[in-house]
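Keep in mind that the numbers below use all heavy atoms, side chains included, and drop hydrogens, waters and symmetry copies.
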Amino acid sequence: MAADLPVPYWREKALEDMTTTEWEALCDGCARCCLNKLEDWDTGQIVWTNVACQLLDDASCRCSDYPNRTVNVPDCIQLTPEEVRTLTWLPATCAYRLVREGKDLYWWHPLVSGDPDTVHQAGVSVRGRTVSEAGIEIEDYEDYVVNWPMQIPRKAKRRPEK
């Protein structure tokens, strides 16, 4: 009989009970939250674009100035447990959303796989699919509307065979 393994912290802790280190590690590095979204003021419907924040490094899917992001990009939303509970646009693959909903993380999440590259291998990240907002007028964002950020890629749903 196998020894009992410890329960991962994201299965036993509420979002607001996580340490800063645990909270930050919960981010899978997909960078979908760094994409600009458009909201219909009449209906509240959110549509996604592939226009990324000017601070996003498209190759690494990481913020190029994470500590100062909210200063340099005033409309950057810093995820907190309160924000996670109210934001309707968090992707279905988002670890913060999954924990909020009492679901487990996917096989490709770095906390599960032990490899930060699996989020890219599973096709979940925005790597290579974005354009920077620098130089694009907000009126032109409609030209960049995409639907893939709210979808779960097929290969992300099942663990690959070893």
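Interatomic distance, E137 CD to D143 CG, rounded to the nearest 0.5 Å: 12.0 Å. Going from atom CG of D115 over to atom NE2 of H109 covers 12.5 Å, rounded to the nearest 0.5 Å. To the nearest 0.5 Å, atom OG1 of residue T49 and atom CG of residue N147 are 12.5 Å apart. Of the inter-residue distances, the one linking L90 atom CG with E83 atom CD reads 9.0 Å to the nearest 0.5 angstrom. Taken from CD in E133 to CG in L56, the straight-line distance is 9.5 Å, to the nearest 0.5 Å. Atom OH in Y96 sits 6.5 Å away from atom CG in L79 (nearest 0.5 Å).
Of the N and O atoms on the side chains of T130 and D58, at least one donor lies less than 3.5 Å from an acceptor on the other residue.
The shortest heavy-atom contact between P110 and T118 is N-OG1, 4.5 Å. For the pair R97 and A92, the tightest heavy-atom approach, listed with the atom from each and the gap, is NH1-N, 3.7 Å. What you find for G29 and V119 is that their closest heavy atoms are O-CG1, 4.3 Å. Considering all non-hydrogen atoms of both residues, A95 and L105 come closest at CB-CD2, 3.6 Å. When all heavy atoms of R62 and C27 are compared, the closest pair comes out as NH1-SG, 4.1 Å.
Here the side chains of L26 and V99 are in contact, with some heavy-atom distance below 4.5 Å. Annotation: side chain of I46 is not in contact with side chain of L38 (no heavy-atom distance under 4.5 Å). P153 is listed as a side-chain neighbour of V124, based on a closest heavy-atom distance under 4.5 Å. R69 is listed as a side-chain neighbour of Q78, based on a closest heavy-atom distance under 4.5 Å. Taking the side chain as every heavy atom from C-beta outward, W108 and T93 approach each other to under 4.5 Å. Between W148 and L35, the closest side-chain pair of non-hydrogen atoms falls below 4.5 Å. Side-chain contact between V47 and K37 is absent, with no heavy atoms from C-beta onward closer than 4.5 Å. Between T19 and Y9, the closest side-chain pair of non-hydrogen atoms is not below 4.5 Å.
Both M150 and V126 belong to a common hydrophobic cluster when Ile, Leu, Val, Met, Phe, Trp and Tyr are linked at side-chain heavy-atom distances under 4.5 angstrom. Under the 4.5 Å side-chain heavy-atom criterion for grouping Ile, Leu, Val, Met, Phe, Trp and Tyr, V71 is not connected to V73 through any hydrophobic cluster. No chain of hydrophobic side-chain contacts below 4.5 Å, direct or via other Ile, Leu, Val, Met, Phe, Trp or Tyr residues, connects V146 to V51. Note on L111 and V7: separate hydrophobic clusters, where clusters join Ile, Leu, Val, Met, Phe, Trp and Tyr whose side-chain heavy atoms are under 4.5 Å apart, directly or indirectly.
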For Y66 and E24, what are the C-alpha separation, side-chain angles and deciding distance, and is it a side chain to side chain donor-acceptor pair (under 3.5 Å)? CA-CA 11 Å; Y66 188 75; E24 293 293 327; 2.7 Å; yes
Checking N50 against V131 for the side-chain contact (heavy atoms from CB on, under 4.5 Å) test, could you report, in this order, the C-alpha distance in whole Å, the side-chain angles of both residues, the deciding distance, and whether it holds? CA-CA 6 Å; N50 65 338; V131 294; 4.3 Å; yes
Does Q45 form a side-chain contact (heavy atoms from CB on, under 4.5 Å) with E39? I'd like the steps, not just the answer. CA-CA 6 Å; Q45 179 185 6; E39 181 177 3; over 6 Å; no
Step-by-step salt bridge (Lys or Arg N to Asp or Glu O under 4.0 Å) determination, R85 to E16: CA-CA 11 Å; R85 293 192 195 307; E16 50 276 339; 2.5 Å; yes
Assess the residue pair V112 and Y106 against the criterion (side-chain contact (heavy atoms from CB on, under 4.5 Å)); give the C-alpha distance rounded to whole Å, side-chain angles, the decisive distance to 0.1 Å, and a yes or no. CA-CA 7 Å; V112 176; Y106 284 93; over 6 Å; no
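No option in S60, C30, C61 other than C61 meets the side chain to side chain contact (heavy atoms under 4.5 Å, CB included) test with H120.
Ring geometry for W48 versus W89: interplanar angle over 60°, hence perpendicular rather than tilted (30 to 60°).
Scanning for ring-ring contact (aromatic ring centres under 6.0 Å, His included) contacts around W10 gives an empty result, with sequence neighbours left out.
The backbone N or O of V84 lies less than 3.5 Å from a partner atom in the side chain of R100, making a donor-acceptor pair. Panel note: side chain W107, backbone A156; a donor-acceptor pair is recorded below 3.5 Å.
Under a cut-off of 6.0 angstrom, the local environment of NZ in K103 is sparse, with at most 12 non-hydrogen atoms contributed by other residues, nucleotides or ligands. Shown here is E101, whose CD atom has more than 12 heavy atoms of other residues, nucleotides or ligands within 6.0 Å.
Ion pairing between R127 and D57 fails under the 4.0 Å rule for side-chain N and carboxylate O.
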